[in-house]
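Protein chains get the first letters and strands the later ones, always in sequence-line order, with residue 1 at the start of each. Values in this document were obtained by computation on a predicted structure and should not be read as measured data.
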2 protein chains.
Amino acid sequence: MDKARLGALCFYRVLNENMARDNFANDRRATITDVAREAGTGKTSISRYLNGETGVLSTQLRERIEEAIAKLDYRPNQMARGLKRGRNRLVGMLVADLTNPYTVEVLQGVEAACHAYGYMPLICHAANEVDLERRYLQLLSTYRVEGVIVNALGVKEETLETLARGGVPVVLVDRSVEGLVTDMVGLDNAEAIRMAIHHLVSQGFDELLFVVQPYAQVSSRRVREAAFRDTIGALGISGVSDVSGATIVLDLDNDENLAEIDARIDAAQRRSRRIALFAANAPVALRVALHLKELHGADWQRRVALMSIDDSEWAELAGMTTVRQPTYTIGERAVEFLHERIEGAVVAPRECLLPGELIVRTSTSAPTNNGNT
Amino acid sequence: MDKARLGALCFYRVLNENMARDNFANDRRATITDVAREAGTGKTSISRYLNGETGVLSTQLRERIEEAIAKLDYRPNQMARGLKRGRNRLVGMLVADLTNPYTVEVLQGVEAACHAYGYMPLICHAANEVDLERRYLQLLSTYRVEGVIVNALGVKEETLETLARGGVPVVLVDRSVEGLVTDMVGLDNAEAIRMAIHHLVSQGFDELLFVVQPYAQVSSRRVREAAFRDTIGALGISGVSDVSGATIVLDLDNDENLAEIDARIDAAQRRSRRIALFAANAPVALRVALHLKELHGADWQRRVALMSIDDSEWAELAGMTTVRQPTYTIGERAVEFLHERIEGAVVAPRECLLPGELIVRTSTSAPTNNGNT
DNA sequence: CTGTTAGCGCCTTCAT
DNA sequence: ATGAAGGCGCTAACAG
């Protein structure tokens with residue numbers, strides 16, 4: 001390390017001279033004052049020009065201003081602008097886990113919409129760490145963002161409430177936060193689960209295993225799990241079929257219950273029941289798939305049917321049936337909500353649940369594939 | 001839409017009253033002046049406290065300040081700070097494609113390092129659109145970021161040069177930009193390719209097909225392609241083996257040359273040669289895998305060997321051999337470079353090429369698997 | 001140890 | 001139609 005630095009230092013002289021030459025008049029970015037001087041006018045006119053108050057400036061002045069700006073390569077300082085106006089067009093986007101494709105997809109919608117409305121999204125990645133999440137939230141408030149879109153991880157209602165009370169609109173994505181009433185947009189989980197289960201049943205599966213990460217803290221997981229049980233229950237009640245279902249909690253950090261899954265599969269198949277695993281999201285699906293592959297070899301799919309919520313990129317490759325979330329739209333809608341509130345709309349908190357789309361692939365389609373061995 | 005809005009408006013009254021009550025004294029964030037008044041002192045002392053100039057403040061004053069800050073829930077305005085100090089701790093991170101897992105992984109390294117150095121990364125996602133990329137670059141300069149990390153897409157040397165000349169350090173990631181000499185960090189592509197090819201050859205493959213996206217504009221692709229040809233050539237020259245290799249350009253937007261791949265595979269297998277496909281990155285690998293699966297069915301891997309650069313999450317599931325990039329480190333290193341320059345280091349531009357790691361999986365391991373049918 | 005003063009770059013009355 | 005002056009929230013000399 002020291003040596004490398006030493007080596008680098010050898011070039012010090014030369015580079016320094018080059019830089020000195022190049023940056024002579026250019027090291028400091030031009031300010032509005034510079035432009036005013038260059039154009040031979042006052043700062044006010046420049047400001048007016050920048051803010052598009054056209055028609056209030058004589059044609060010649062405008063031309064001179066344009067020249068000056070071009071010559072100095074001037075760009076107004078957003079920070080200073082924000083300081084004065086009280087709005088800096090920054091919105092925070094706090095995501096729990098960029099590693100989850102869901103997040104990235106939502107992000108694309110958010111970005112597009114932000115652009116359309118003229119916002120600059122400040123993306124913060126909590127990387128599944130609650131501490132980081134809180135820190136970022138504070139940081140965002142420190143940068144005086146005009147609004148925040150939160151894909152909550154473990155924030156307490158209180159932390160967000162502080163923000164909201166400070167007059168900063170908050171829109172929740174995918175997950176709601178207990179005790180906090182704000183706009184929220186996400187998947188219509190109940191309906192998605194219902195749709196998926198009906199598909200499975202119609203394909204002849206009569207034993208369903210729902211695999212989900214620890215769900216106490218995460219509303220969407222909670223809702224999905226509840227919907228799973230409800231739907232299974234309703235099936236029984238309505239006598240449509242005698243499908244049985246159970247939930248398995250899988251912690252991706254310790255894989256504790258993977259064996260439990262195997263046991264269930266074995267038991268079911270011994271009783272000649274056709275069993276299907278239903279993963280509550282993409283990360284779970286991947287973990288389960290990897291495990292099954294390890295256990296049963298490359299053609300594990302012939303033994304076990306797997307479907308999941310979230311249509312990840314490898315779903316097609318694995319031929320896995322999924323429910324695709326309207327991720328892009330979710331992101332867009334979140335920004336729309338945020339925008340309305342930033343613009344001062346005072347309306348009751350809204351909950352926007354968008355429908356998922358069932359994507360049927362081979363994993364759940366051919367009844368002959370999934371008998372017991 | 002209109003109806004929904006109308007419905008929402010019904011709540012207007014109630015909500016408004018609530019808000020009026022809650023926000024009475026709280027709607028505007030407290031400023032340093034408020035704190036000073038509350039603590040019965042001057043702004044300077046507050047400022048000193050904020051900047052950790054401890055030991056210069058009497059214990060009692062410090063206590064009063066702490067109380068005031070807590071009571072008012074005061075948070076210094078970063079914008080104002082930045083305006084005054086000339087540094088706002090913002091660094092830009094411009095990525096070409098968040099959809100590519102590579103990008104996300106690098107990002108994690110960047111975020112971690114930024115945190116360590118006290119920077120706030122402003123993540124901009126160009127979504128593979130050159131226009132967006134340029135716009136974001138301007139935006140970043142407008143927000144007066146102290147440095148930029150660029151995973152270049154199509155930026156002209158000129159655009160970045162303008163930034164750099166404005167005194168904003170630039171660090172390139174993965175791809176270099178023609179005509180621009182700056183710090184750059186990425187994979188040691190040549191060595192990675194060499195390593196991969198030697199692996200393939202040692203496994204008995206004697207015909208290699210390198211599949212890469214159009215590479216004229218992207219330096220890393222260019223380097224990989226060249227390294228592929230060079231290495232193949234060197235093999236021939238040194239008489240180590242009679243391995244033949246060819247490059248196929250695959251545009252993921254139109255899939256034009258997929259058929260070409262099939263033709264090559266057929267031809268090779270007709271001549272009883274053992275062929276392996278080598279994808280230049282994860283997106284290409286996925287596209288090729290999907291195509292092969294469509295063509296040859298679920299057990300396409302028995303017919304064709306596929307490996308790639310980039311160790312995506314589904315690689316394990318598919319049992320595909322890969323070269324994993326040291327993505328996290330790349331991100332960290334990029335920030336380190338940036339930090340040094342921001343701190344004023346004047347050293348010759350550096351190029352940091354990190355080694356990849358060969359991850360051998362079944363796709364290229366069992367010689368018996370990949371004969372012709 | 002502490003307060004006063006003068007800006008940072010920009011926008012916004014308010015005159016002219 | 002244009003410009004001068006004051007201030008946004010904060011820091012950095014200078015005094016005391």
*asked:* Between B/Ser45 and B/Arg144, which residue's closest nucleotide on DNA chain C lies nearer the 5′ terminus?
replied: B/Ser45

*Taking the side chain of A/Val56 as heavy atoms from C-beta outward, which of D/dA1, C/dC8, D/dT11 is closest to it?*
D/dA1

*How long is the line joining OH of B/Tyr143 and C1' of C/dC10, in whole Å?*
14 Å

*asked:* Run A/Asp174 and A/Ile330 through side chain to side chain contact (heavy atoms under 4.5 Å, CB included) and show every step you take.
replied: CA-CA 8 Å; A/Asp174 183 61; A/Ile330 290 176; over 6 Å; no

*Considering residues, nucleotides and ligands other than A/Glu343, do more than 12 of their heavy atoms fall under 6.0 Å from its CD?*
yes

*side chain to side chain donor-acceptor pair (under 3.5 Å) between B/Tyr119 and B/Glu146, worked out*: CA-CA 9 Å; B/Tyr119 294 115; B/Glu146 297 184 36; 5.0 Å; no

_If you define the side chain from C-beta out and look only at heavy atoms, does anything of A/Asn51 sit under 4.5 Å from A/Arg85?_
yes

_Of the listed nucleotides (C/dT2, C/dG9, D/dT11), which one gets closest to any side-chain atom of B/Ile32?_
D/dT11

*asked:* Without decimals, in angstroms, what is the distance between B/Ile65 CD1 and C/dC1 P?
replied: 13 Å

*Among all residues two or more places apart in sequence or in another chain, which pass the salt bridge (charged side-chain N to carboxylate O under 4.0 Å, His left out) test with A/Arg62?*
none

_Length of the CG-P vector between A/Leu50 and C/dG9, whole Å_ = 14 Å

*Between C/dC10 atom P and A/Gln78 atom CD, what is the distance in whole Å?*
10 Å

*In whole angstrom, what separates A/Asn51's CG from C/dT13's P?*
12 Å

*Output the single nucleotide from D/dT11, D/dT2, D/dG9 whose closest atom is nearest the side chain of A/Leu61.*
D/dT2

*Rounded to the nearest Å, what distance is computed from the CZ atom of residue A/Arg81 to the C1' atom of nucleotide D/dG9?*
18 Å

*For B/Glu53 and C/dT2, give me the distance from atom CD to atom P, rounded to whole Å.*
12 Å

*If only side-chain N and O atoms of B/Asn77 are considered, is one of them under 4.0 Å from the OP1 or OP2 phosphate oxygen of D/dC8?*
no

Heteroatom pairs (N/O) under 3.5 angstrom, protein to nucleotides 4-6 of chain D:
{"unit_1": "D/dA4", "atom_1": "N7", "unit_2": "A/Thr44", "atom_2": "OG1", "d": "3.3"}
{"unit_1": "D/dA4", "atom_1": "N6", "unit_2": "A/Thr44", "atom_2": "OG1", "d": "2.9"}

*Looking only at side-chain N and O atoms, does B/Thr41 come under 4.0 Å of OP1 or OP2 in C/dG3?*
yes

*asked:* Applying a 4.0 Å non-hydrogen cut-off, can you work out what A/Ile46 is touching in the nucleic acid: base, sugar-phosphate, or nothing?
replied: nothing

*Write down the distance between CZ (B/Arg29) and P (D/dC10), rounded to a whole number of angstrom.*
10 Å

_N or O in side chain of A/Thr33 less than 4.0 angstrom from C/dC10 OP1/OP2_ = no

*asked:* Could you go through A/Leu107 and A/Ile123, starting from their C-alpha distance and side-chain angles, then the distance that decides it, and tell me whether this counts as side chain to side chain contact (heavy atoms under 4.5 Å, CB included)?
replied: CA-CA 9 Å; A/Leu107 218 46; A/Ile123 301 168; 4.2 Å; yes

*asked:* What's the separation between atom OH in A/Tyr136 and atom CG in A/Leu122, rounded to the nearest 0.5 Å?
replied: 9.5 Å

*Out of D/dT2, D/dT11, D/dC10, which has the shortest distance to the side chain of B/Arg85?*
D/dT11

*Sorted by first residue and then second, give each salt bridge (charged side-chain N to carboxylate O under 4.0 Å, His left out) pair with at least one member in residues 70-81 of chain B; sequence neighbours left out.*
B/Arg29-B/Asp73, B/Glu38-B/Lys71, B/Asp73-B/Arg75

_Nearest-nucleotide pick for A/Pro76, side chain only, options being C/dC11, C/dC10, C/dC1_ = C/dC10

*Is B/Tyr49 near enough to C/dT2 that one of its side-chain N or O atoms lies under 4.0 angstrom from OP1 or OP2?*
no

